[in-house]
Participant: 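This is the structure I have questions about; it appears just below.
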Amino acid sequence: MIRKPLWAINTDSTREIAPDSIRGEIANNDYETTLTASTIGADAHEDSPLLFMSNNERKELHRHLSLFDLVCVGVGSTIGSGIYVLCGLIANKYAGPATFLSWGIAGGAACLSGVCYAELAGKIPSAGSVYVYAYTSIGELPAVLAAACLTLEYVGSASAVARSWGDKIIEWLHEESSPMEKYLNPGFGFNPMAFLVSFVSTLLLLKGVKESKSVTNFFTSFSVCLVLSMAFGGLILLQKKNLTPFIPPQYGMAGVFRGATSSFFGYIGYDEICCIAGEAINPRKNLPRAVILTLILVTVLYMCAALALTGMQPYQEISTTSGFPDAFRWNHVEWAAQLAAAGELLALPSVVLITIMAQPRLQFALARDGLLPSLFGKIDSKGNLWNGALISGTVMTLISTFVPFRYLNDLISSGILVAFTMTNWALISLRCDFSSPPPRSYLLEYLLSVFNVVAFATGILLTRAAHSILGKILASAGCLIMMAIMCIISSRCCRDPNKFAFGISKQRQPNCAAAEMNGDGYFEIPGVPYLPCIGMFLNW
């Protein structure tokens, strides 16, 4: 049964889509706003995606994560994989000294999607992230696609980092000529150390997020201090000759953009925050703040670290698996190399734990919608999603143990980009199209579909055929078409500048409680639909 998105619940223009009850629920910071049928009220259709479980079956996740906890989750789930795993790979294979530009481009695109996350998370602070946003605004089938992308993101990213950690252990043993290497590197693609870190992370996850958050906060603080130390040391050792040519001719700008695509793997932190939103304290304020703080912190750290790494060592010589330790060793600063290597080995396991933490919350949201068996939605007596954590951890452990990292990175980045794009789409749908009077024309859906197809084609032309005259002409035509579509959406689908999310206009608010949804305590981004559309284009 395909259930209806929020815009299809009620087509009677004389009645509000979201009555007072949902505003009161959203304004209550101690309650998990999951937009159930009971919060929508009598207007909700029985097929509504907002109908999750009966009141007897409902058991909510406890809110216990502060702003600091949320920022630690966001930063901790990305900073390790981005700097320890990707920085050297992008510098050596794609962008050379311009690696920090790749991180900046990816950060800019992530910010355009991140502010959309920030607004939606503050207004729909429920476990599930993009899945919940897509289900509420677009429908069930796109929501299932979003859930698949998020699963690829969470399980795939955790597996990739665990595998990378195992590879680093083996490389370190090889450099030390340790006899243990033959036991920990038996061949056939099997990595015992990746199995170990995945298994331990799963055990911690089974204890619940309350117990694991102390570990998360400690290791995130440790990772940030370590990255700052490495970046500062690298900038001291920077040699200008290593930054020439700034953009290697064999890579060109296409390589810089290719590096930006791969670096999206390092920007999943704020999505993690949104997926555990059901456990956030004061979500209306803390979730948007955590998303924005995470974006600022990780982007600055990535760019500084990338500049330091490529300035320390010629990009051709930078290790794709152990960038900073090898770069310090190349500069004959052995103690710094040992410190960086030890820091990587200590920090990366926490990334595995934090990243996989979100997957049981996604499964919880799917189970409450009836899209997964009910066992994924069961909360034990301690408030933990034990079944979901066990299954997610088992799958992660198998993948990390047997699948090499090189097969995971680009696939994960692609899934992340699709999830980011769907979030932008969801925000535009919630903010723009509810002012359209019935009968609904579905104009916005058609326009956004065409926009994404054109954005995808234009992105390919800019990265693969920008050197040819025909490629430049077609790419320019694509940009003009996208600009025209944005103008049409703004003029035809966003006709009420005073309208806020869920389609309720200020002029139509029956009481002052509705005002809380627009401006009074809720984060909202300006420039809709332009900023989300630009974000979708940059994602592609």
Side-chain angles (χ1 to χ4, degrees), residues 74-75 78-114 223-270 293-328 330-331 336 340 343-344 347 409-410 413 416-417 462-463 535 538-539:
V75 174
T78 56
I79 198 70
S81 58
I83 289 178
Y84 305 138
V85 178
L86 289 178
C87 215
L89 176 67
I90 295 171
N92 184 272
K93 299 293 185 182
Y94 305 132
T99 298
F100 84 93
L101 280 185
S102 293
W103 284 111
I105 292 170
C111 284
L112 289 175
S113 295
S223 293
V224 171
C225 292
L226 178 64
V227 169
L228 289 173
S229 300
M230 293 192 304
F232 183 72
L235 291 174
I236 292 175
L237 297 171
L238 185 146
Q239 301 178 43
K240 292 183 179 180
K241 64 179 182 180
N242 293 333
L243 300 177
T244 305
F246 181 65
I247 300 178
Q250 67 270 32
Y251 299 147
M253 280 303 299
V256 175
F257 284 109
R258 176 68 177 79
T261 300
S262 293
S263 65
F264 268 98
F265 176 68
Y267 279 101
I268 65 172
Y270 61 80
L293 285 173
T294 296
L295 279 168
I296 294 173
L297 286 172
V298 298
T299 302
V300 171
L301 289 172
Y302 284 150
M303 295 184 71
C304 290
L307 181 61
L309 178 61
T310 53
M312 274 197 293
Q313 186 178 18
Y315 70 90
Q316 304 94 328
E317 305 295 329
I318 293 176
S319 170
T320 58
T321 58
S322 187
F324 274 95
D326 281 13
F328 282 119
W330 192 85
N331 284 275
E344 288 184 5
N409 181 32
D410 288 343
S413 292
I416 294 169
L417 291 174
L462 289 174
T463 55
L538 292 178
N539 290 341

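When a residue number appears, it is its place in the shown sequence, counting from 1.
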Participant: Kindly say whether the aromatic ring centers of F100 and F246 come within a distance under 6.0 Å.
Facilitator: yes
Participant: In sequence, state the C-alpha distance, the side-chain angles, and the governing distance for L307 and T99, and then conclude on side-chain contact (heavy atoms from CB on, under 4.5 Å).
Facilitator: CA-CA 7 Å; L307 181 61; T99 298; over 6 Å; no
Participant: Which atoms form the tightest heavy-atom contact between S223 and I79, and what is the distance?
Facilitator: CB-CG2, 4.0 Å
Participant: Is the shortest heavy-atom distance from the side chain of M253 to the side chain of V256 under 4.5 Å?
Facilitator: yes
Participant: How about Y270 and S113: do any of their side-chain heavy atoms sit closer than 4.5 Å?
Facilitator: yes
Participant: Identify the heavy atoms of I247 and A98 that sit nearest to each other, and give their distance.
Facilitator: CG1-CB, 3.9 Å
Participant: Just checking F257: does its CZ atom have more than 12 heavy atoms from other residues, nucleotides or ligands closer to it than 6.0 angstrom?
Facilitator: no
Participant: In the structure I gave you, are the side-chain heavy atoms of M312 and N242 within less than 4.5 Å of one another anywhere?
Facilitator: no
Participant: Starting at CG of N92, measure out to SG of C87 and round the result to the nearest 0.5 Å.
Facilitator: 12.0 Å
Participant: Below 4.5 Å, heavy atoms only, C-beta onward: do I83 and M230 meet side chain to side chain?
Facilitator: yes
Participant: Less than 4.5 Å apart, any side-chain heavy atom of C304 and any of F232?
Facilitator: no
Participant: Under 3.5 Å, is there a donor-acceptor pair between the side chain of T310 and the main chain of A306?
Facilitator: yes
Participant: Determine whether L309 and Y315 make a side-chain contact, defined as any pair of heavy atoms from C-beta on separated by less than 4.5 Å.
Facilitator: no
Participant: Should L301 and L228 count as side-chain neighbours, where that means a heavy-atom distance under 4.5 Å?
Facilitator: yes
Participant: Could you grab the distance from atom OG of S102 to atom CG of L86, nearest 0.5 Å is fine?
Facilitator: 11.0 Å
Participant: Minimum heavy-atom separation for A106 and S263, please, with both atom names.
Facilitator: CB-OG, 3.1 Å
Participant: Give me the atom names and distance for the closest heavy-atom approach of I318 to A91.
Facilitator: CD1-CB, 3.9 Å
Participant: Could you tell me the separation between the CD atom of Q239 and the CD atom of Q313, rounded to the nearest 0.5 Å?
Facilitator: 10.0 Å
